[in-house]
Amino acid sequence: MSAIPVIVGMSGGVDSSVAAWLLLQHGYDVQGLFMSNWDEDEDGYCTAAEDYQDARSVCERLDVPLHKVSFAGEYRERVFAYFLDEYRAGRTPNPDVLCNREIKFGVCFDYARRLGAEWVATGHYARVEHGPTPRLLRGVDAGKDQSYFLHAMPSQALARTLFPIGSLQKAEVRRMARELALPVFDKKDSTGICFIGERPFEEFLAHYLPAQPGAIESAEGRRVGEHRGLMYYTLGQRQGLRIGGRHDASEDAWYVAGKDLQRNVLVVVQGHDHPALFSRGLTASQLTWVSGAAPAADFRATAKVRYRQPDQPCLVRVLTSGRCTVEFDSPQRAVTPGQYVVFYRDEECLGGGVIEASHGQPQPL
RNA sequence: UGGGGCGUCGCCAAGUGGUAAGGCAGCGGGUUUUGAUCCCGCCAUUCGGAGGUUCGAAUCCUUCCGCCCCAG
């Protein structure tokens with residue numbers, strides 16, 4: 001009786017390393033797969049080379065083979081192109097949700113299956129409940145739960161996916177890595193866009209899109225500064241506005257409340273909790289449901305409008321053509337077009353969609 | 001070149017004889033698989049310049065420079 005073959009997506013980080021080890025413990029026939037999906041690295045921010053070395057060291061330590069593959073072309077076409085399109089349209093995309101759907105659990109998943117994997121595993125903090133229709137559950141570590149990013153992954157992939165560390169706390173994973181003497185036990189958690197990494201964002205965007213400087217205006221229409229290009233700002237943002245003290249304003253910090261694309265004007269208000277920053281609801285499109293089918297009727301749920309946000313109780317009204325509206329029990333801050341709204345019922349992630357517009361501002365601009 | 005007012009960190013702004021608040025911005029770090037938010041830290045030996053009075057001045061005096069009002 002041969003062991004069940006599983007391929008683990010290895011990033012060279014702690015989580016996927018421990019995930020691989022756990023699978024070994026459970027008797028699987030484990031192989032690693034490292035992806036490098038970002039080619040154009042001129043500025044030295046890309047850590048792919050080091051990450052690959054780390055993945056290799058770990059696999060050596062665990063005595064499992066490591067495959068290496070690049071889906072740079074697919075990444076560029078299916079994720080990055082969309083990323084740039086959204087910024088061009090003045091919105092704020094979330095490329096990592098797409099990356100999971102199209103790359104990790106899309107082309108890479110298929111690739112792993114072609115390599116003979118019965119199962120595909122990653123080091124995500126989330127859980128799958130396998131059954132006739134698999135369910136996606138939050139990771140047990142509430143602080144690390146990554147189901148938000150996974151909500152749009154194809155259900156056929158979910159049915160063949162394992163998240164070995166999904167029921168562990170991050171601290172436990174670290175501790176295991178240390179006890180196992182995995183070379184990456186102390187490696188810092190990665191951040192920034194997946195496969196691209198952390199970098200000076202404005203500089204990065206400027207590399208790909210032309211910037212059009214313009215005026216920054218208060219909600220009342222006073223010119224209070226100059227922006228370097230609407231794409232560099234997102235709703236609710238404080239940093240980078242460069243608006244100093246004014247004799248005609250309070251001492252509160254300024255935040256982005258809106259973008260007027262027609263006039264190329266950035267609209268700002270003062271105070272983190274300014275009413276103009278809040279909305280009662282939103283409209284979302286491109287809905288995907290983990291179950292594979294849209295709910296038949298309106299339903300109550302909780303939702304996140306951004307990663308790591310506490311769950312917000314709401315009413316979801318399902319519309320036709322993959323759209324819905326969401327009404328929150330309490331107003332939400334900086335509901336941002338281009339970001340994803342993701343629905344939950346208790347521990348279960350139901351699905352989500354792209355925010356098209358917010359509505360019901362208690363105090364319109 | 002008449003009268004009045006003002007010049008304190010990039011910006012706003014306390015401080016009117018006792019040895020430079022605070023906020024905003026900026027920068028650095030932390031949190032974070034998007035972008036943000038948030039948290040922590042740094043940020044004027046110096047108060048438009050030069051003299052003077054005083055044990056001691058950003059605060060008083062003199063003068064110069066620069067702004068802003070009012071000049072009917």
Side-chain angles (χ1 to χ4, degrees), chain A residues 9 11-16 35 37-38 47-48 51 75 79-80 82-84 86-87 89-101 103-105 122-126 139 141-153 165 170 187-202 204-205 209 216 218 224-226 230-257 259 268 270-274 277-278 304-310 332-342 352 354-355:
Chain A
S11 67
V14 184
D15 298 331
S16 54
M35 274 189 292
N37 298 328
W38 190 247
T47 58
D51 291 337
Y75 185 85
V79 179
F80 202 63
Y82 151 88
F83 171 83
L84 294 180
E86 287 288 277
Y87 271 112
R91 315 207 321 168
T92 308
N94 184 331
D96 288 354
V97 168
L98 260 192
C99 176
N100 281 324
R101 189 181 81 197
I103 307 299
K104 289 179 181 170
F105 297 100
T122 67
H124 281 104
Y125 286 88
D141 186 334
K144 294 295 294 186
D145 169 43
Q146 291 171 315
S147 57
Y148 178 89
F149 289 107
L150 298 168
H151 80 272
M153 65 182 281
I165 63 166
K170 177 77 190 198
K187 190 172 175 180
K188 191 183 184 302
D189 288 5
S190 64
T191 57
I193 300 172
C194 216
F195 297 117
I196 297 181
E198 191 99 68
R199 21 183 116 210
F201 203 73
E202 203 170 306
F204 178 67
L205 266 189
L209 298 173
I216 299 181
S218 68
V224 294
E226 184 173 343
L230 250 26
M231 65 181 175
Y232 296 137
Y233 309 84
T234 190
L235 300 189
Q237 179 172 337
R238 168 180 180 168
Q239 294 296 309
L241 294 177
R242 302 186 184 176
I243 303 173
R246 298 174 57 86
H247 54 77
D248 61 355
S250 76
E251 291 190 328
D252 293 328
W254 297 82
Y255 293 85
V256 175
K259 296 183 182 187
V268 295
Q270 278 186 287
H272 180 272
D273 295 321
H274 186 106
L277 257 15
F278 287 79
K304 293 183 196 297
V305 147
R306 54 171 51 71
Y307 179 53
R308 280 171 63 79
Q309 174 194 30
Q332 297 301 303
R333 183 176 184 279
V335 173
T336 307
Q339 291 287 294
Y340 288 84
V341 57
V342 177
V354 181
I355 298 170

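The model shown is predicted, which means the values in this text are computed figures rather than measured ones. By convention in this document, chain letters (A, B, ...) are assigned in the order of the sequence lines, proteins followed by strands, and residues within each chain are numbered from 1.
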For this session: Applying ring-ring contact (aromatic ring centres under 6.0 Å, His included), name anything that partners Tyr75(A), two or more places apart in sequence or on another chain.
Result: none

For this session: Under the side-chain contact (heavy atoms from CB on, under 4.5 Å) rule, collect the residues that match up with Tyr87(A), sequence neighbours excluded.
Result: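 Result, side-chain contact (heavy atoms from CB on, under 4.5 Å) vs Tyr87(A): Phe83(A), Thr92(A), Pro93(A), Phe201(A), Leu205(A), Leu209(A), Met231(A).
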
Problem set entry | Sequence-distant partners of Gln239(A), side-chain contact (heavy atoms from CB on, under 4.5 Å), two or more places apart |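 Result, side-chain contact (heavy atoms from CB on, under 4.5 Å) vs Gln239(A): none returned.
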
What is the pairing partner of [N], taking Watson-Crick or G-U wobble pairs with both distances under 3.5 Å in any strand?
N: A44(B); result: none
N: U54(B); result: none
N: U31(B); result: none
N: C6(B); result: G66(B)

Given atom [atom1] of [X] and atom [atom2] of [N], what is their separation to the nearest angstrom?
X: Asp252(A); N: G22(B); atom1: CG; atom2: C1'; answer: 13 Å
X: Tyr255(A); N: U37(B); atom1: OH; atom2: C1'; answer: 8 Å
X: Ile216(A); N: C24(B); atom1: CD1; atom2: C1'; answer: 13 Å
X: His247(A); N: C24(B); atom1: NE2; atom2: P; answer: 19 Å

Taking only the [atom1] atom of each, what is the distance from [N] to [M] in whole angstrom?
N: G48(B); M: C12(B); atom1: P; answer: 14 Å
N: C6(B); M: G28(B); atom1: C1'; answer: 37 Å
N: G56(B); M: G18(B); atom1: C1'; answer: 6 Å
N: G5(B); M: G17(B); atom1: C1'; answer: 24 Å
N: U37(B); M: G30(B); atom1: C1'; answer: 14 Å
N: C55(B); M: G66(B); atom1: P; answer: 35 Å
N: U33(B); M: A25(B); atom1: P; answer: 26 Å
N: C9(B); M: C38(B); atom1: C1'; answer: 26 Å

Exercise. Regarding Arg101(A) and the six-membered ring of Phe149(A), is the cationic atom NZ or CZ under 6.0 Å from the ring centre and inside 45° of its axis?
Worked result: no

For this session: Verify the distance criterion only: is there a donor paired with an acceptor across the side chains of Glu251(A) and Gln270(A) at less than 3.5 Å?
Result: no

Check: protein-nucleotides 4-8 of chain B nitrogen or oxygen pairs below 3.5 Å:
none

Problem set entry | salt_bridge(Asp145(A), Arg308(A)) N-O dist < 4.0 Å | no

For this session: Report yes if some heavy atom in the side chain of Val354(A) is under 4.5 Å from a heavy atom in the side chain of Arg91(A); otherwise report no.
Result: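 Side-chain contact under 4.5 Å: yes.
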
Seminar exercise, completed: Residue set satisfying salt bridge (Lys or Arg N to Asp or Glu O under 4.0 Å) with Lys259(A), at least two apart, ordered chain then number -> none

For this session: Could you tell me if the ring centre of Tyr255(A) sits under 6.0 Å from that of His274(A)?
Result: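 No, the ring centres sit 6.0 Å or more apart.
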
For this session: Classify every nucleotide of nucleotides 26-36 of chain B by which part a protein heavy atom approaches to under 4.0 Å, writing B for the base, S for the sugar-phosphate alone and - for neither, in 5'-to-3' order.
Result: S----SBBBBB

Exercise. Which of these, Val342(A), Asn100(A), Asp96(A), Val97(A), sits in a side chain to side chain contact (heavy atoms under 4.5 Å, CB included) with Leu150(A)?
Worked result: Asn100(A)

